[in-house]
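The sequence lines fix the lettering, A, B, ..., with proteins before strands; numbering per chain opens at 1. Here the structure is a predicted model, which means the values were calculated and not measured.
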Amino acid sequence: MERNSNFSPSSSQEGLDAKPLRSLTPMFPAPFGFNAYTQSATPPFVCVSPFAQFPGNPSFQPLAAGVLNSNGVTFAGVSDSNGPINATPISAAYRANVHSLDDEDEEEEEEEEEDEPVFTRKSSKSGRKIKRSHLGGSDGLDGTKIKRVKPVRKIFDKSLLLLPSSSNHPRETVEMVLSTFDALRRRLLQLDELEDINRRPDLRAGAIMMTNEFRANMGKRIGSIPGVEIGDIFYFRIEMCVVGLHAPSMAGIDYMTARFDHQEEPVAVCIVSSGGYENADDDVDVLVYSGQGGNNRYEEKHDQKLERGNLALEKSTYRKNEIRVVRSAKDPNCQTGKIYIYDGLYKIQDAWKEKSKSGFNVFKYKLLREPGQRDGIAVWKMTQKWIENPSLRGRVILPDLSSGIENIPVCLVNEVDHEKGPSHFTYVTKVRYSKPISSMKPSQGCRCLSVCLPGDRNCSCAQVNGGDLPYSSLGLIASRRNMIYECSDSCQCSYNCRNRVTQKGIRLHFEVFRTRNRGWGLRSWDPIRAGSFICEYTGEVIDESKVDLDDDDDDYLFQTACPGEKTLRWNYGAELAEEPSGTFSTDTYNPLPIMVSARNMGNVARFMNHSCSPNVFWQPVQHDHSDDGHPHIMFFAMKHIPPMTELTYDYGVSGKERGSGGVSRRAKRCLCGSPACRGSFG
DNA sequence: GTAACGTCAACAAC
DNA sequence: CGTTGTTGACGTTA
């Protein structure tokens, strides 16, 4: 269906004439390399580019029903049985001013009473990015409600925010923003943990991202968000802010003022369903959503008012514009609970008012999922059922590929063709060394009682890891590094110590599945949060000296070839958490002599395919000896991975291409399909 | 249970 | 009128 067919020159003209309802602020200079790149005139996903091409330009294909208007903001020219609607966003054009595009010297004009040079534009958009005033209702002449607000750090070295080769693909941009956010958040959390405090690393990381305009899809729009795909999962509300999916950091309803013919009206553009009012039934295409307000914790409950988000939803009921829906679910792997899933576009079918349990009026909106979209929450509900009862999974060849030796069964399925399974191999959960472990350098144990804790200077395991424990309290890896030393049998700490993660084995419900063109692959029924341990690469460890030519055709050989920049720079962004003087070493590729062959024996890892845009990376880990030449190869999630998404890692650049003294293997043609595909691997 | 928090739109003030 | 400054609402997170 061509949803933009009713786009006409006149409507774009309207866009030009649209007067913002609120102040305009200079968009440029783009203070950051990154920003300069997101705002270059070409990519359609940019926030707001004053020079965005006219929608008529055929080179310009938005992903969905959105079209950039002259303010660079998308809107949907919605057409349905109720007739066409021309909506031009107005209020969201808040940064459409143009002058200073080429005026790079303006970068440093604002100092905010700080000594530091500042690389952001004036923070006048809200006027409250940095505030040091008294807050609150302050009837307090006695100063009861005075709050000091720390300024959000701005970054001086813009090169910190530049990847060597940034892609212009919206998906890549969104992933880069999320990955930077998470690296920053992880580091802030790690620093907090040293002092045993919690200063909301998520919010602080988000604030740094926002202040530095390191974000994607600024400027609101109706319809889908370039680079955000149905099924994408988020672990923090702020993550949805920085990619432009849902602007309010707290409120559940995101809305904007749009122009319909000659009327200006607020319409809802995105809602986050917190789950409190989820339908009990299984209809994944219907959502009944409650309006906002009326139950503030600090005041009496009252009737909801038809204003703000509620008003916007009301208007959207009649305008029938597409509304993005984010549903929430319980994350079974994370005791803190909630996870957000982008479920695509809906339209409001019905709206009414009803009495809540406490007797006050609540607005209700019934939303119907637009047809023709790929499954979002439906995948989730399906996999949750399989986890509860694996026999519900159809097309199963083998219920447990590991024959019971893994913590959790590994399902083998084929929904594609008639292959009956991979060729024979022996499933093993541990690597086989060519020499006994007892002959290797033993680990040095810590003397921590009970569990190792961050900030404990006496913990030798923390010391050997560079002062920080490598995992968060949830068992997520904090940063990629040359080696991680877990606690071992020689340690006095207990099995529950947080520095024992990979040694406990897999925690995910894996399935080995038949891909369409890449043989067998690996995916998970569970959602996987960035930094989660996935599995080890088990098999037979081969010393480099013992490689023979036979290995040239070993498709199941792991070697530590140099991975792509996405893997290398997974920590990217963490340095933003440091004080300016701080030295944060970014570890890079460190070649290891180790190779592991999973041809004859191995585990789920041998089924992981290569991708140039991987979602998994490898990390050397020690836990049963400390011979650094023979580490365990452990895999961790690079990003949040929705259920049923194939797990892939970067096999690295082939030995030949590398031209180093490495083992030379034939490069294979890459089928990863990523926009950043290098064309070959291995 | 509760403290602390960021963003945006709306409003207020220049 | 155009622009800048201030505030309340929103709900999340640990």
Side-chain angles (χ1 to χ4, degrees), chain A residues 19-26 89-95 97 99 110 121-139 145 147-152 181 185 188-189 192-193 196-211 213 215 218-220 234-242 244-258 264 266-277 290-299 302 304-305 307-312 326 328 331 334-340 472-474:
Chain A
K19 274 185 286 182
L21 295 182
R22 18 191 324 268
S23 62
L24 294 173
T25 49
I90 296 169
S91 66
Y94 59 87
R95 39 185 78 210
N97 204 335
H99 324 321
E110 184 204 25
R121 66 182 171 82
K122 283 199 168 187
S123 60
S124 51
K125 178 180 56 178
S126 72
R128 279 168 51 107
K129 271 186 179 167
I130 296 168
K131 69 192 164 170
R132 291 175 173 178
S133 55
H134 302 175
L135 270 190
S138 81
D139 10 295
K145 284 197 168 180
K147 232 183 189 176
R148 272 191 68 116
V149 179
K150 273 171 265 159
V152 173
F181 166 84
R185 202 206 99 253
L188 291 169
L189 174 66
D192 273 11
E193 283 180 338
D196 195 24
I197 52 177
N198 162 36
R199 288 180 299 189
R200 293 299 298 273
D202 57 321
L203 293 187
R204 279 191 295 148
I208 292 174
M209 302 286 287
M210 292 295 201
T211 305
E213 298 197 347
R215 53 197 287 193
M218 290 155 94
K220 297 191 179 187
F234 302 88
Y235 284 78
F236 296 95
R237 289 287 302 258
I238 283 283
E239 289 180 318
M240 297 187 281
C241 302
V242 295
L245 180 63
H246 186 86
S249 61
M250 297 173 176
I253 305 166
D254 191 5
Y255 59 99
M256 68 191 287
T257 305
E264 290 166 3
V267 288
V269 294
C270 184
I271 58 172
V272 177
S273 164
S274 290
Y277 306 91
S290 300
Q292 64 187 187
N295 53 1
N296 188 311
R297 206 156 43 87
Y298 298 108
E299 55 190 62
H302 54 78
Q304 289 186 344
K305 295 180 189 139
E307 57 184 26
R308 301 169 189 278
N310 298 342
L311 181 61
V326 177
S328 65
D331 182 354
C334 145
Q335 56 270 61
T336 54
K338 231 191 267 177
I339 188 171
Y340 300 96
S472 77
S473 57
L474 293 174

Quick one: side chain to side chain contact (heavy atoms under 4.5 Å, CB included) partners of [X], sequence neighbours excluded?
X      : answer
A:C241 : A:M210, A:I238, A:S249
A:E193 : A:L189, A:P454, A:S472, A:S473, A:R498
A:A205 : A:F181, A:L184, A:R185, A:L188

side-chain hydrogen bond (donor to acceptor under 3.5 Å, both in side chains) involving A:D254 - partner list, sequence neighbours excluded: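 Once residues adjacent in sequence are excluded, the partners of A:D254 under the side-chain hydrogen bond (donor to acceptor under 3.5 Å, both in side chains) criterion are A:K220.
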
Partners meeting side-chain hydrogen bond (donor to acceptor under 3.5 Å, both in side chains) with A:R308 (sequence neighbours left out): none

Sugar-phosphate only, base, or nothing, as touched by A:D202 at under 4.0 Å among non-hydrogen atoms: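 Result for A:D202 = sugar-phosphate.
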
Touch class at under 4.0 angstrom, heavy-atom based, for A:G309 against every strand present: nothing

Pairwise 5' ranking along DNA chain C for A:H302 and A:Y340, keeping only the more 5' one: A:H302

[X] has a side chain; which of [options] sits nearest to it?
X      : options               : result
A:Y255 : B:dC8, C:dT12, B:dA9  : B:dA9
A:K338 : C:dG11, B:dA9, C:dT12 : C:dT12
A:M210 : C:dA14, B:dT7, C:dC10 : B:dT7
A:F236 : C:dA14, B:dC8, B:dA10 : C:dA14
A:S274 : B:dC8, C:dG11, B:dA10 : C:dG11
A:R237 : B:dG6, C:dT12, C:dA14 : C:dT12
A:M250 : B:dC8, C:dT13, C:dG11 : C:dG11
A:S249 : C:dT13, C:dC10, B:dT7 : B:dT7
A:Q292 : C:dA9, B:dC5, C:dG11  : C:dG11

Nucleotide [N], atom [atom2] - distance to [atom1] of [X] in whole Å:
X      : N      : atom1 : atom2 : result
A:L189 : C:dT13 : CG    : C1'   : 12 Å
A:D254 : C:dA9  : CG    : C1'   : 14 Å
A:E307 : B:dC11 : CD    : C1'   : 13 Å
A:I208 : B:dG6  : CD1   : C1'   : 13 Å

B:dA9 phosphate, OP1 or OP2, under 4.0 Å from A:K220 side-chain N/O: yes

Watson-Crick and G-U pairing of DNA chain C written in dot-bracket, each distance under 3.5 angstrom, with | for inter-strand partners: .|||||||||||||

